[in-house]
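Count residues from 1 along the sequence. In each ligand, atom 1 is the first atom listed, and ligand 1 is the first ligand listed. Both backbone and side-chain heavy atoms feed into the values below; hydrogens, waters and symmetry mates do not.
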Amino acid sequence: MSQVLTTTDLEGALPLIARGKVRDLYEVNDKTLLFIATDRISAYDVIMENGIPSKGVLLTLCTRTWFKILTDALPSLRTHFITLDLPPQIPESLRPTLQNRSMQVRKLKIFPIEAIVRGYITGSAWKEYQKSGTVHGIKVAAGLQESQEFPDGPIYTPSTKAELGDHDENIHPDQAAKIVGERYASKIESLALALYKTAHAYALSRGLIIADTKFEFGHDEETDEIVLVDEVLTPDSSRFWPASSYQVGRGQDSFDKQFLRDWLVKEGLKGKEGVRMPEEVVKKTEEKYREAWEKITGGQ
Ligand code: ATP
Ligand code: MG
């Protein structure tokens with residue numbers, strides 16, 4: 001089994017800025033961050049005690065590939081990606097562990113919303129729709145079935161970006177506009193929709209449906225540009241469904257954490273801290289992440 005990295009220790013080579021649920025962020029200089037994806041996994045907003053082997057590498061390589069695909073398709077797109085190369089401050093002894101799970105990225109001020117785009121009705125959107133006929137307060141077509149593609153095209157359904165330990169909250173785009181300011185809100189919305197459409201078409205040609213996904217954006221204060229940041233279109237930030245078994249009117253098999261979530265619910269461990277996943281759950285989950293990575297990148 002490959003090495004599992006659940007936390008990083010750069011032995012003082014760079015200052016630690018933040019630890020998210022999955023990533024550890026270090027400062028390379030005042031403009032650049034080292035963005036390291038560990039093998040941590042969270043479900044229902046709780047981080048598991050043990051990790052998923054190779055997960056951080058798979059997420060990093062997926063993101064890097066998507067940045068290439070998206071900038072080729074949308075040449076005006078700006079991303080935070082600089083290089084997969086490690087900065088010179090990292091000592092030789094740490095390089096093998098950090099290689100391919102780290103990106104140097106531009107350090108930016110992050111707009112405090114999650115720019116979610118949904119092409120298909122599922123998850124919390126399906127629950128809300130069944131109750132009220134709306135999705136994030138937006139009125140959508142009547143008579144939709146579970147997992148159906150939105151007939152009028154994908155919709156922008158932002159959420160708040162909660163502090164570590166809190167839950168993100170679904171909000172109406174009007175409320176997102178209040179949070180980020182009118183000036184940026186419509187740009188973020190149209191950019192998120194364009195990114196989703198491009199990615200959806202690409203993934204479909206490789207047998208994957210992107211049911212929904214979450215983007216984050218930063219602000220380049222020097223140029224006033226909106227920049228695509230964070231991880232993109234990974235199994236952590238998206239729902240991927242195999243196109244071959246897709247069927248409207250029921251939940252779908254997904255490449256994401258469904259196996260882990262189902263196990264947590266079955267064992268009565270949903271939302272509990274300090275849970276250690278058994279080998280079988282680790283293996284199945286690793287397989288799903290690897291399968292998604294292979295489908296998207298062709299294994300590179
Ligand atoms: P959080 O812990 O912030 O609630 P998370 O658990 O999803 O979110 P991770 O994915 O583990 O966090 O870590 C990524 C963090 O880095 C996110 O908070 C994200 O907003 C932030 N981030 C991503 N790209 C950049 C960037 N270019 N500059 C500054 N911060 C960034
Ligand atoms: Mg994240």
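- Using modelled atom types and a 3.5 Å distance limit, the side chains of Ser124 and Asn170 yield a donor-acceptor pair.
- A donor-acceptor pair under 3.5 Å is formed between the side chain of Arg40 and the backbone N or O of Thr6.
- Where the criterion is an N or O separation shorter than 3.5 Å, residue side chain and backbone included, Val229 fails it with respect to ligand 1.
- When each atom of ligand 1 is checked for a heavy atom of Leu33 under 4.0 Å away, the hits are 28 (N), 29 (C).
- Ser147 and Gln252 form a side-chain donor-acceptor contact under 3.5 Å, judged by distance and modelled atom types alone.
- Between His136 and Tyr156, the gap from one ring centroid to the other reaches at least 6.0 Å.
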Requested in this report: Run the numbers on Thr7 and Arg19 for side chain to side chain donor-acceptor pair (under 3.5 Å), then give the verdict.
Outcome: CA-CA 9 Å; Thr7 192; Arg19 288 193 205 274; 3.2 Å; yes
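- Proximity of Val22 to ligand 1, defined as any heavy-atom pair under 4.0 Å, is shared by backbone and side chain alike.
- With atom 21 (C) of ligand 1 as the reference point, the heavy atom nearest to it among Ile82, Asp24, Thr38, Asp230 is part of Asp230.
- At a 4.0 Å heavy-atom cut-off, ligand 1 touches Glu216 through the side chain alone.
- The neighbour count for Gln130 CD, taken as heavy atoms of other residues, nucleotides or ligands under 6.0 Å away, is above 12.
- In terms of polar-atom proximity, Lys161 is counted as a contact of ligand 1, with an N or O under 3.5 Å from an N or O of the ligand.
- Checked by distance only, ligand 1 and Lys214 stay at 3.5 Å or farther apart across all their nitrogen or oxygen atoms.
- Both the backbone and the side chain of Lys21 come within 4.0 Å of ligand 1, judged by heavy-atom distances.
- For ligand 1, the atoms sitting less than 4.0 Å from at least one non-hydrogen atom of Arg106 are 26 (C), 27 (N), 28 (N), numbered in the order shown with element in parentheses.
- Between Tyr120 and His200, the distance separating the two ring centers is shorter than 6.0 angstrom.
- Looking at Lys55 and Ile41, their side chains come closer than 4.5 Å, going by heavy atoms from C-beta outward.
- Tyr202 and Asp72 share no side-chain donor-acceptor pair at under 3.5 Å.
- Annotation: Lys107 places no N or O atom under 3.5 Å from an N or O atom of ligand 1; distance criterion only.
- Any N or O atom pair closer than 3.5 Å counts here, and Phe35 shares no such pair with ligand 1.
- Contacts between Asp236 and ligand 1 below 4.0 angstrom, taking non-hydrogen atoms only, are absent altogether.
- Neither the backbone nor the side chain of Val227 has any atom closer than 4.0 Å to an atom of ligand 1 (non-hydrogen atoms only).
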